[in-house]
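Below is one structure, written out as C-alpha cells, with a few remarks after it.
Residue numbering restarts at 1 for every chain, and letters A, B, ... go by the order of the sequence lines.
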Amino acid sequence: MPETFAATIAIELSEMCFAWRDGLEPVLKIAHLQINKGERVFIAGPSGGGKSTLLSLVAGVVVPQRGTIKVNGCRLNGLQGAARDRFRADNIGYIYQMFNLIPYLSVVENVTLPCRFSARRRERASARSSGYTNEALRLLNHLGMGEAPVIDKPVTELSVGQQQRVAAARALIGTPEILVADEPTSALDTNRREAFIELLFNECDRQDTTIVFVSHDTGLEPLFDRTIRLSDINTKWNKSC
Amino acid sequence: MLTLAVKSLKNRKFTTALTIAAIALSVTLLLGVERIRKEAKASFTKTISGTDLIVGARTGPVQLLLYSVFRIGNATNNISWESYQEMSQNPNVKWTIPISLGDSHRGYRVMGTNADYFKHFLFAGGRRLEMAKGRIFDGVFDAVLGADVARALGYRLEDAIIIAHGAGQVSFVKHDDKPFTVVGILRKTGTPVDQTVHVRLEGIEAIHIDWQDGAPLPGQSISRQQVLNMDLTPKTITAFLVGLKSRIAVFGVQRFVNQYPQEPLLAILPGVALQELWHLVGVAEKALLAVSGFVVVVGLAGMLIALMTSLNERRREMAILRSVGARPYHVFALIVGESALLTVMGVAIGIGLLYALLVISQPLILAKFGIFIEISAISLYELWLIVIVCLAGIVIGLIPGYRIYRYSLADGMTIRI
Ligand SMILES: Nc1ncnc2c1ncn2[C@@H]1O[C@H](COP(=O)(O)OP(=O)(O)OP(=O)(O)O)[C@@H](O)[C@H]1O
Ligand SMILES: [Mg+2]
C-alpha cells in the first residue's frame, strides 16, 4: 500500500470482534470499516446496538478480542494500556451526550483538561495562541462562550447547550486528529442542535479533523459526508468471538 | 493530579470539612493523651528528688514508696528510734528526714517530721519547699499545712485543728484533747506534699502519750500542758529519707540497711522504685492510649465512608477524565491523593488544635493542679504516631482508589449515572 494512501485513512477496522467480557455474547463483529481523514461520518443504529461501544474501541479504552483497529495508522490493540491512554490523549477529542464537565473545575480549566494529559496537545494549543489558556479562550469565543458572564460561571450553572459547547472546545483543543461525539446534541433543542453542529464543523474544517458522530437523530444526517448504519456492518453471527 | 484532588475536595466542602474535623479531633485526642501520659509520668517522677535512699520496715519496695512518698496505704511495721539514730550517724550519711505516719486530719495524712524536712526535702528536680504563709513548725503543737489542705478546708494561720487517730476519711477516735495550731502554709508543689499536714515528731508522740495499742488508756489522761514537760523523744518512726555525702556509697549503705541485724529494714532507691511503680500504673495509661488510637481508627473509617459514598456519583467524573486521556492510575491517584490530603490536613489541624489547647490550658492546670505542662516540640514518639496516622490514611485511601480503578476499567468511556 502506498504511503500517501495510508496517510488518508483515519480509522480502519478489520475482522474485528468485541465482547464486553470473555464468554459474553459479542456486541460488535465488523469485517471491515474505513473512515478517511477529514471525513464527517454519521453513525446510526438502534439503542443497545453498540454505537458507544464502537466509540470506546476507536478511542482505545477497550480492545477487541480479535481483529485489528488502526487509528491514524497506529494499531491500537497492539499497544499497552498506558500507551493507548497516551494515544487517546494525543489524538482523540471526545464529547458525551451530556454531563461532559468536571463540576469542580472552571470553564477554562475544563477546556484545557486534555493539555494536562497530553504534551502534544498542550504544545499544539500553546503554539496556536501563545499559551493553551489563550487557545481555550479562542475556541470558547468561536463557540460563543467567550463573554465575561458565562466564562466565569461555575460549570454547574451553565445551560446544557452551553455545557455542550464547552465540551466541544475541550474536544477540539490542541487539534486532535479525530473528534468522537456520542450523541452530543440529544440534550439540545432543534435550533441549537444545528447551530452547535455548524460551530463544530467550522472548527473541524480549520483543523481538518475527522468527525465520528453518533446520533439517533436522522434529521442531522444530511449535514454529514456519509452515514454508517451499524446494523449494516455489524454481523454478530456467532455466539462468541 | 494533586491540584485536581484539592479542587475536588473544595467542591465537596461540607463532607471534606466534617472528615477533616473528625480526623483532627481524633489526632488531638491521641496526641493529647500521649502528652498527658508523658506529663503524668514526669510529675510522678517529680514527687521526690535529691533523696538517695528511703528506709522503712521490711515490706515491698513499691509499698514503702507508696506510704512514704505518696501517703497511700499504711506501714505494717515501724523502725525503732535507736536504729534510726544509728543510721543517721553513719559516716556516709549527710542528712536524714524522719517520717512518722498513721494519723490524719479530715482525710488528709498527718506526717510527723523535723525541721530537716524543710531544709533537705527536694522535689521536681531540685525544688525546695517554700512557705506561702507563716513559718515552719517550732512548738510541739504547731502544724504546717500543704497547699491543698489549706485551700480545701479553708484554713488560715492560727486556726486550731484536731488530729484523728488512723488514716481513714472518717475517724471516730480523735485526739481532741490536744489541738494543733496552724503556723504555716506551704506553697503549691504539685506533689503529695500538698495533701499533707506536717507536725513535729514530738507532736505525734505527745498525742499518743496516754495511748496504748491504738486506744486511749482508760482513766489516764495527760493534759496538753502536762505533756510539754515530759520526754517526747519518739520511740518509733515509720520511715526516713536519706541523703548521702557521695552517691557512690548508695549501694553500700543500701546493703548495710538491708542486712541490719537489729531489725528487718528495707532501703530503696526512689528512682528505681518509682520506675517499678510506674510500670504498674502505666498499664492504665497504655489502655488510654489504645482507646484514643481506636478513636483515630474511627476518624479514618469516617473518611473511608465519605470517600466510598462519593464514588458512585463520581464514576461520571472518572469517565470524563478517562476520555481526555487520564490513565486508570491517574484516577486511582486522584482518590488516594484526596484521602492523603484529608489525612494530612486533619493531622495538621489536629496538631494545631493540640498546641492551642496546651497554650490555653497551661496556666489553668498550673493554678489548679500545680503541674507545669511544658509546651514542647513534637517528640520522636509523637512523630511516629503522626506518621502512622498519615500512612493509615493513605492505605485506607487505597480501598476506594482500587474500587474506582476497577470501575474506570469496566465502564470504559460510558457515563454511568
Ligand atoms: N461497560 C459495559 N459492560 C458490559 N456491557 C456493556 C457495557 N457497556 C455497554 N454494554 C453492553 O453492550 C451493548 C451495546 O451497548 P452500547 O452502549 O454500545 O449501545 P448504544 O448503541 O450506544 O446504545 P444507546 O443508543 O442506547 O446509547 C449493550 O447490550 C450493553 O448492555
Ligand atoms: Mg450509547
Review point. Minimum heavy-atom separation for B:G325 to A:A89, with atom names?
Key: CA-CB, 3.6 Å
Check your understanding: Would you find a donor on one side and an acceptor on the other, under 3.5 Å apart, between the side chain of A:R88 and the backbone of B:R322?
Key -> yes
Point to revise | OG on B:S323 to CG on A:N100, rounded to 0.5 Å | key: 7.5 Å
Check your understanding: Does atom CH2 of B:W384 have more than 12 heavy-atom neighbours, drawn from other residues, nucleotides or ligands, at distances under 6.0 Å?
Key -> no
Exercise for review: Please check if the side chain of A:Y96 supplies one atom and the backbone of B:A319 the other of a donor-acceptor pair under 3.5 Å.
Suggested key: yes
Review point. What residues of residues 105-116 of chain A sit under 4.5 Å from chain B when only non-hydrogen atoms are counted?
Key: A:L105, A:E109, A:L113, A:P114, A:R116
**Study point:** Most contacts with chain A, counted as non-hydrogen pairs under 4.5 angstrom, among B:L9, B:L321, B:N11
**Key:** B:N11
Check your understanding: Which atoms of B:K7 come close to chain A, meaning under 4.5 Å heavy atom to heavy atom: side chain ones, backbone ones, both, or neither?
Key -> both
Check your understanding: Would one find more than 12 heavy atoms of other residues, nucleotides or ligands at under 6.0 Å from atom CG of A:D22?
Key -> no
Check your understanding: If you count heavy-atom pairs under 4.5 Å between each of A:A82, A:A167, A:S118 and chain B, which one has the most?
Key -> A:A82
Review point. Is it true that atom CD of A:E157 has more than 12 heavy atoms of other residues, nucleotides or ligands lying nearer than 6.0 Å?
Key: yes
Exercise for review: Quick one: closest heavy-atom pair of A:Y104 and B:L4, and the distance?
Suggested key: CE1-O, 3.6 Å
Exercise for review: Determine whether more than 12 heavy atoms belonging to other residues, nucleotides or ligands lie under 6.0 Å from atom NZ of B:K38.
Suggested key: yes
Exercise for review: Any chance you could measure B:M318, atom CE, to A:I102, atom CD1, to the nearest 0.5 Å?
Suggested key: 7.5 Å
Review point. Which bit of A:R170 comes within less than 4.5 Å of chain B, counting heavy atoms only: side chain, backbone, both or neither?
Key: side chain
**Study point:** Residue pairs involving residues 302-330 of chain B (criterion ring-ring contact (aromatic ring centres under 6.0 Å, His included); sequence neighbours excluded)
**Key:** A:F117-B:H330
Review point. Should we say atom OH of B:Y355 is surrounded by more than 12 heavy atoms from elsewhere, each under 6.0 Å from it?
Key: yes
**Study point:** Between B:R314, B:E317, B:K10, B:R12, the one whose heavy-atom pairs under 4.5 Å with chain A are most numerous
**Key:** B:E317
Review point. Do other residues, nucleotides or ligands put more than 12 heavy atoms under 6.0 Å from A:R138 CZ?
Key: yes
